[in-house]
2 protein chains.
Amino acid sequence: MSNIYEIAEKVGLSPSTVARALSGKGYCSKESREKVLKAAQEMNYTPTHAAKTLKNKRTEKILFCIPDIYNPFYFGMIKGANDIFEKHGYYTLLCYTKHNIKEELRMIETLREKYGDGMILVSFNFCETNIKAVNESGMPIVLTNRYDSPHGNDNFDYVYVDTYKGIQLATRHLIEQGHDRIAFIGGNIKEQTSLERFKGWKDEMDRSGMKIDDRQVYVGDYTMDSGYACAELMMTRSNIPTGIVCANDLMAIGFIRYCNEHKIRIPDDISVVGMDNTDLAANISPGLTSIIMRQEEIGRNAATLLMERILDGRTYKKTIRLEPQLVVRESSRKK
Amino acid sequence: MSNIYEIAEKVGLSPSTVARALSGKGYCSKESREKVLKAAQEMNYTPTHAAKTLKNKRTEKILFCIPDIYNPFYFGMIKGANDIFEKHGYYTLLCYTKHNIKEELRMIETLREKYGDGMILVSFNFCETNIKAVNESGMPIVLTNRYDSPHGNDNFDYVYVDTYKGIQLATRHLIEQGHDRIAFIGGNIKEQTSLERFKGWKDEMDRSGMKIDDRQVYVGDYTMDSGYACAELMMTRSNIPTGIVCANDLMAIGFIRYCNEHKIRIPDDISVVGMDNTDLAANISPGLTSIIMRQEEIGRNAATLLMERILDGRTYKKTIRLEPQLVVRESSRKK
DNA sequence: CTGTTATGTGACATCGATTTCACTTTTATT
DNA sequence: AATAAAAGTGAAATCGATGTCACATAACAG
């Protein structure tokens with residue numbers, strides 16, 4: 001609406017003095033300060049963010065990039081991170097990429113333009129192009145996925161819970177309950193995280209000497225509807241599994257919905273294990289056995305690492321790895 | 001990393017020419033353009049957002065402010081709005097206020113500093129202070145709540161679904177099913193939206209000649225846990241209702257969870273109606289009767305109105321009101 | 001071959017807040 | 001009273017991209 005020059009004119013002082021009065025830094029007499037503040041109020045003055053940023057090179061904003069807003073998995077991370085950022089007076093701005101690498105790249109570009117001071121990036125499938133973009137931006141970034149760079153030349157921080165191990169826990173749980181036909185509902189294995197999960201299931205099955213065939217592997221997209229669709233497909237086949245490992249809670253919920261609708265009893269007929277231990281897991285019926293993925297902790301740790309880079313100027317890389325944990329509820333039981 | 005001056009120096013041209021080469025606007029010879037683009041690439045140049053914004057006064061970013069990230073009600077709105085913004089090359093940045101008016105004000109201030117070009121504001125309790133701040137900012141804003149300003153002097157757009165009517169539909173549905181002891185689980189009526197919902201239930205009960213007492217009204221906070229807690233409290237009392245109207249799906253889900261855990265059959269013992277018709281409503285068991293609140297449509301309309309103000313310079317006020325609608329599922333039936 | 005238009009380029013002002021520096025006035029110190 | 005230190009102020013540079021304007025050169029018309 002107005003700027004410091006207009007205020008300066010109105011109160012008969014120089015813009016420098018107005019700036020000092022408003023910021024409280026540097027010398028400024030009491031009278032001048034009062035006059036300026038009064039005028040600022042009257043003229044409905046607000047500093048222009050862009051001008052401030054251009055000069056001091058800090059936005060005090062953090063970009064938090066998630067693939068999807070429909071998945072409650074991310075909420076905990078956002079909350080955890082936000083708690084930390086808030087303490088430092090930083091704002092968290094959320095953006096979602098719709099599982100689209102192009103969109104992800106656009107957000108990285110936005111960071112690179114210094115629209116924010118740093119970024120927490122939750123990526124399903126961090127591709128070489130985007131890694132390069134992040135590195136070239138020179139901006140602080142924390143990734144919440146494990147990622148082994150083929151060139152080993154990246155310099156961002158990682159905070160993650162081992163999804164591979166998480167799925168292993170889920171699978172082992174069903175094996176320990178005596179199940180021998182165990183199916184896996186995952187995502188497209190072209191995506192890194194989906195591949196990790198798949199491997200977790202496969203390796204654990206192999207280790208226990210279970211025979212696996214392709215028809216035990218179902219591909220969804222982490223939504224409830226896709227879990228439902230996998231159930232539909234599964235039931236058209238013979239030799240129905242007695243245990244299902246789902247790569248996230250949402251797909252497990254969709255799967256269970258199908259079973260409820262078709263009088264398939266859970267856990268009597270089929271045991272189901274989800275992953276992420278979102279709020280829903282405890283609130284649906286039957287309660288869903290799931291894997292705690294420490295979302296809030298990831299968020300807090302990621303935010304802390306980011307603030308270290310932004311405020312303390314740390315330049316070397318840090319990696320934090322957290323352990324997943326099984327929670328048993330009613331959806332799984334001894335065969 | 002670098003700026004147009006450094007590029008200018010490197011290629012032996014003036015910053016003006018570099019700017020023209022990069023923007024593609026104005027005259028620039030092919031050789032110059034090529035030299036500049038090559039250098040820009042090599043020097044890893046990215047324009048600085050703040051500098052651009054300071055000059056052209058457009059950020060091409062929209063702030064989308066929601067009270068809470070855990071509530072799936074907002075997702076549809078975000079998606080709908082984002083679809084529109086995307087078409088115009090605008091970015092949607094989400095911020096959440098944790099149901100806190102101070103936080104909401106901070107976001108309004110951020111808009112006022114022109115960190116974004118406009119805002120969609122989903123407020124639970126839009127207070128006078130914040131209304132004033134929005135008005136004084138002079139920035140385009142769309143509210144997704146009904147709000148009757150006591151002074152009638154605001155100038156922002158509204159897009160909303162009538163929550164009052166939504167709850168009326170839910171209540172009438174239970175009445176039509178023959179229920180006569182109908183409880184209401186809502187929010188704190190100090191918040192506008194909670195008050196509207198409460199009135200919807202009360203007025204419909206009155207209209208049908210039902211007697212109401214205070215002990216039929218339960219206060220939650222729109223989370224699943226609070227729905228559970230209300231159920232707990234309800235069951236300690238005598239004269240348990242046979243129909244429950246919940247002010248949103250999440251509380252209904254929490255309520256149902258309690259019932260499942262305590263062998264209270266739904267809908268045989270108690271009929272439950274939720275509100276918002278989130279994805280969950282169809283996916284839990286039993287399927288939850290709910291009220292369609294047209295979230296995506298709200299989002300699309302709100303975004304369209306905002307773009308009208310930003311791109312076409314509309315300055316007068318518009319209000320769009322959408323109708324709620326009942327979806328009957330298994331959680332409610334004839335008494 | 002002159003006059004006109006189209007191209008290409010650089011100097012410079014601009015957007016608004018911050019900050020350094022020089023200068024003046026006040027206050028404190030011995 | 002003399003001197004040092006502190007307080008108050010404004011001019012001007014800065015951050016980086018954009019756009020206007022003046023000027024120069026090229027292309028083109030008659």
Side-chain angles (χ1 to χ4, degrees), chain A residues 1-37 39-40 43-61 109-117 137-139, chain B residues 1-37 39-40 43-61 109-117 137-139:
Chain A
M1 217 85 271
S2 56
N3 59 33
I4 54 165
Y5 299 93
E6 296 176 29
I7 296 179
E9 185 147 359
K10 176 156 182 187
V11 298
L13 288 163
S14 72
S16 322
T17 307
V18 172
R20 259 174 267 133
L22 290 169
S23 70
K25 290 181 205 159
Y27 294 116
C28 179
S29 70
K30 204 185 284 180
E31 306 121 83
S32 297
R33 174 166 298 119
E34 278 163 9
K35 262 197 289 181
V36 168
L37 293 179
M43 299 171 76
N44 189 19
Y45 169 79
T46 313
T48 301
H49 195 275
K52 275 182 120 102
T53 302
L54 184 57
K55 194 67 173 77
N56 28 277
K57 295 165 180 329
R58 289 177 305 110
T59 61
E60 293 177 343
K61 310 269 184 295
E109 292 297 335
T110 302
L111 178 69
R112 188 166 158 173
E113 293 173 0
K114 302 192 184 61
Y115 190 69
D117 294 346
S137 77
M139 301 292 288
Chain B
M1 216 88 268
S2 55
N3 59 33
I4 54 165
Y5 300 93
E6 295 176 30
I7 296 179
E9 186 147 359
K10 176 155 182 190
V11 297
L13 287 164
S14 71
S16 320
T17 307
V18 173
R20 258 175 269 133
L22 291 169
S23 69
K25 289 180 205 161
Y27 294 116
C28 181
S29 70
K30 205 185 282 179
E31 305 121 87
S32 297
R33 173 164 299 117
E34 278 163 11
K35 264 197 288 183
V36 168
L37 293 180
M43 298 170 77
N44 189 17
Y45 168 79
T46 314
T48 301
H49 195 276
K52 275 180 120 103
T53 302
L54 184 57
K55 196 66 173 74
N56 28 282
K57 296 167 180 327
R58 290 178 304 111
T59 61
E60 293 178 342
K61 310 269 186 292
E109 292 297 334
T110 302
L111 178 68
R112 188 166 159 173
E113 292 173 0
K114 302 195 183 58
Y115 190 68
D117 294 345
S137 77
M139 301 291 288

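Quick note: numbers below take in every heavy atom, side chains included, and nothing from hydrogens, waters or symmetry partners. Note on naming: letters A, B, ... go to the chains in the order of the sequence lines (proteins, then strands), and numbering restarts at 1 for each one.
- Spacing between atom CG of A:N3 and atom C1' of C:dT18 amounts to 14 Å, rounded to whole angstrom units.
- Contact check, A:K57 against D:dG16: a side-chain N or O comes under 4.0 Å of OP1 or OP2.
- Residue B:K52 places none of its side-chain N or O atoms closer than 4.0 Å to OP1 or OP2 of D:dG16.
- Note on ring orientation: taking the six-membered ring where Trp is involved, the planes of A:Y115 and B:Y115 are parallel (angle under 30°, cut-offs 30° and 60°).
- If you measure from atom CD1 of B:I4 to atom C1' of D:dA17, you get 5 Å, rounded to the nearest angstrom.
- The distance from the CG atom of B:L54 to the NZ atom of B:K114 is 10.5 Å, given to the nearest 0.5 Å.
- The distance from atom CE of B:M43 to atom P of D:dA17 is 11 Å, rounded to the nearest whole Å.
- Note on residues 10-21 of chain A: pairs passing salt bridge (charged side-chain N to carboxylate O under 4.0 Å, His left out), not counting sequence neighbours, are A:K10-A:E42.
- Counting to the nearest Å, the C1' atom of C:dA13 and the OH atom of B:Y5 are 11 Å from each other.
- The distance from atom CG of A:L54 to atom P of D:dC15 is 9 Å, rounded to the nearest whole Å.
- The heavy-atom pair separating A:K61 from B:T110 by the smallest distance is CE-CG2, 3.7 Å.
- Nearest nucleotide to the side chain of B:K55, out of D:dA17, C:dT18, D:dC15: D:dA17.
- Annotation for A:A8 and A:P15: closest pair CB-N, 3.6 Å, computed over non-hydrogen atoms.
- B:E113 places its CD atom 16 Å from the C1' atom of C:dC15, with the value rounded to the nearest Å.
- Taking every heavy atom of both residues into account, A:T53 and A:R58 meet most closely at OG1-O, 3.9 Å.
- One finds the NZ atom of A:K57 at 7.0 Å from the OG1 atom of B:T48 (value rounded to the nearest 0.5 Å).
- Phosphate proximity of C:dT9 to B:S29: present, with a side-chain N or O under 4.0 Å from OP1 or OP2.
- With rounding to the nearest 0.5 Å, the separation of CD in A:E109 from CZ in A:R112 is 5.0 Å.
- Taking every heavy atom of both residues into account, B:L111 and B:G116 meet most closely at CD1-O, 3.6 Å.
- For the helix from C:dC1-D:dG30 to C:dT30-D:dA1, the end axes, each set by the C1' atoms of five terminal pairs, are bent relative to each other by 40° (nearest 10°).
- Among the protein residues, A:S32 comes within range of the sugar-phosphate backbone only, with heavy atoms under 4.0 Å from sugar or phosphate atoms but none that close to a base.
- As a whole-Å value, the separation of B:R112 CZ from C:dG16 C1' is 16 Å.
- Whole-Å rounding puts the A:H49 NE2 to D:dC15 C1' distance at 15 Å.
- Interface residues of residues 12-27 of chain A facing DNA chain C, ordered by number: A:S16, A:A19; criterion, heavy-atom separation under 4.0 Å.
- Atom CD1 in A:I4 sits 12.0 Å away from atom CG in A:L13 (nearest 0.5 Å).
- Between B:Y45 and D:dA17 there is a side-chain N or O to OP1 or OP2 distance below 4.0 Å.
- The B:A51 side chain lies nearest to D:dA17 when the options are D:dA17, C:dT18, C:dG16.
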